[in-house]
Amino acid sequence: ISFMLSMFFYIALILYGQMVMRSVMEEKINRIVEIIISSVKPFQLMLGKIIGVAGVGLTQFVIWGIALTFIQMVLVPFFIAGAPAPDAAMVDAAQNEELLGQAMAIMEAFEKQNWTLILPMIIVYFLGGYFIYASLFAAVGSAVGEDQGEAQSLLLPIMLPIIIALVISTSMISNPNSSLAVFGSIFPLFSPIVMPARLAFDPPVWEVVLSVVVLFASAFFFVWLSARIYRVGIFMYGKKPSFKEIAKWMFYKG
């Protein structure tokens with residue numbers, strides 16, 4: 001369960017973040033953004049784009065949830081009931097008993113999980129992590145020109161925390177309460193992947209609360225920071241900017 005949750009968030013953050021980045025790049029390349037900016041502020045445009053893609057993501061989550069529920073409640077019992085009984089002479093009794101025990105253990109593990117906490121927290125951590133990384137992807141999209149390959153070098157500082165968080169979440173399965181696991185659960189660039197994976201091990205409530213507070217405080221900060229880069233980057237054309245130039249954009253007035 002922990003591994004599935006960490007992989008789910010790892011893929012979701014990259015997938016929807018890149019959707020935002022590509023959308024920003026297309027508007028900049030086609031010069032559509034110059035027309036839109038005449039009606040709205042750059043911050044409003046960036047935030048609206050991020051919220052729009054978030055709505056797409058949440059809609060897909062609902063569809064997947066309904067589909068999985070349907071499969072579990074309808075299709076699985078149907079196929080089990082209609083499956084032919086195995087020939088006792090061809091079945092290894094010991095192996096059959098072992099497989100049955102493993103299946104029962106998995107079902108027990110699922111039933112013991114506090115799904116009333118895990119399911120809402122999945123949405124909370126998706127939104128918090130998404131706003132952090134989607135805003136950073138939007139800032140990168142505004143900084144690059146017509147060559148989409150230019151974004152690859154600028155994406156490294158964004159992709160690195162996501163990869164590190166996945167490594168922490170997979171390594172902590174054997175020791176979910178280690179110092180590294182606790183740090184990863186609270187540090188805002190890691191917590192959207194690490195803490196959902198730890199929820200399967202029932203972490204202390206104070207750690208979950210602290211993690212959520214830090215995550216959303218950081219989300220507000222990164223959205224604000226990315227908006228300052230976005231408002232300058234969308235009007236910049238020509239050569240790819242360096243990290244030093246992008247840092248200067250944060251302090252431009254206006």
Side-chain angles (χ1 to χ4, degrees), residues 1-18 54 57-58 61 64-65 68 72 98-99 101-137 140 154-226 243:
I1 296 171
S2 176
F3 179 76
M4 286 191 299
L5 288 173
S6 61
M7 286 300 300
F8 168 77
F9 277 85
Y10 171 79
I11 295 172
L13 291 177
I14 294 177
L15 175 65
Y16 295 115
Q18 289 187 342
L58 291 175
F61 291 167
W64 293 339
L68 290 173
Q72 182 180 2
E98 181 183 355
L99 292 174
Q102 291 176 356
M104 293 296 293
I106 293 174
M107 292 301 297
E108 253 181 64
F110 269 92
E111 290 175 1
K112 288 180 180 179
Q113 293 299 319
N114 186 6
W115 293 108
T116 56
L117 172 66
I118 293 177
L119 293 179
M121 285 295 102
I122 287 176
I123 297 176
V124 169
Y125 277 96
F126 167 74
L127 290 175
Y130 168 79
F131 271 92
I132 288 177
Y133 284 104
S135 62
L136 294 174
F137 275 104
V140 170
L154 296 178
L155 282 177
L156 180 61
I158 301 175
M159 296 294 297
L160 195 58
I162 300 178
I163 296 171
I164 294 174
L166 180 65
V167 173
I168 294 175
S169 62
T170 52
S171 63
M172 68 148 197
I173 292 177
S174 58
N175 188 7
N177 294 316
S178 65
S179 300
L180 181 61
V182 174
F183 170 76
S185 301
I186 298 174
F187 186 64
L189 294 179
F190 298 160
S191 62
I193 295 176
V194 178
M195 181 55 91
R198 280 192 73 207
L199 291 175
F201 299 100
D202 195 19
V205 176
W206 72 267
E207 290 184 9
V208 179
V209 173
L210 178 61
S211 175
V212 170
V213 171
V214 173
L215 177 64
F216 278 89
S218 302
F220 280 109
F221 170 75
F222 279 105
V223 169
W224 172 82
L225 187 67
S226 298
F243 288 109

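Positions are given from 1, in the same order as the sequence printed here.
- Taking both residues in full, the closest heavy atoms of S218 and I132 are given as CB-CD1, 4.1 Å, listed atom of the first, atom of the second, then distance.
- Of all the heavy atoms in P176 and S174, the pair that sits closest is CD-C, 3.9 Å.
- Between F187 and V214 the shortest side-chain heavy-atom distance does not fall below 4.5 Å.
- Two residues are said to be in side-chain contact when any heavy atoms from C-beta on lie closer than 4.5 Å; F9 and I122 meet this criterion.
- Note: F8 CZ to L13 CG = 9.0 Å, rounded to the nearest 0.5 Å.
- Shown here for F131 and A219, the closest heavy-atom pair between the two residues is CB-CB, 4.2 Å.
- Under a 3.5 Å cut-off, the side chain of Y133 and the backbone N or O of L189 do form a donor-acceptor pair.
- Side-chain contact check for V208 versus R198: every heavy-atom pair is 4.5 Å or farther apart.
- With values rounded to the nearest 0.5 angstrom, L210 atom CG is found 11.0 Å from L215 atom CG.
- Residues F190 and F183 are in side-chain contact: their nearest non-hydrogen atoms beyond the backbone lie under 4.5 Å apart.
- Residues M195 and I186 fail the side-chain proximity criterion, which asks for heavy atoms closer than 4.5 Å.
- Looking at E207 and V182, their side chains come closer than 4.5 Å, going by heavy atoms from C-beta outward.
- Atom CD1 of residue I14 and atom CZ of residue F137 lie 6.5 Å apart, to the nearest 0.5 angstrom.
- Of the possible donor and acceptor atoms, none in the side chain of S226 sits under 3.5 Å from a partner among the backbone N and O of V223.
- Of the inter-residue distances, the one linking F201 atom CZ with N177 atom CG reads 9.0 Å to the nearest 0.5 angstrom.
- The distance from atom CZ of F221 to atom OG of S135, rounded to the nearest 0.5 Å, is 10.0 Å.
- Side-chain atoms of S2 come within 3.5 Å of backbone N or O of A197 as a donor-acceptor pair.
- Summarising the geometry, atom OG belonging to S185 is positioned 8.5 Å from atom CG belonging to L199; distances are rounded to the nearest 0.5 Å.
- Distance alone, capped at 3.5 Å, places no donor-acceptor pair between the Y16 side chain and the Y130 backbone.
- Put simply, the side chain of S169 never gets that close to the backbone of I193: no donor and acceptor are under 3.5 Å apart.
- When side chains are defined from C-beta on, L166 does not count as touching I162, because their heavy atoms never get closer than 4.5 Å.
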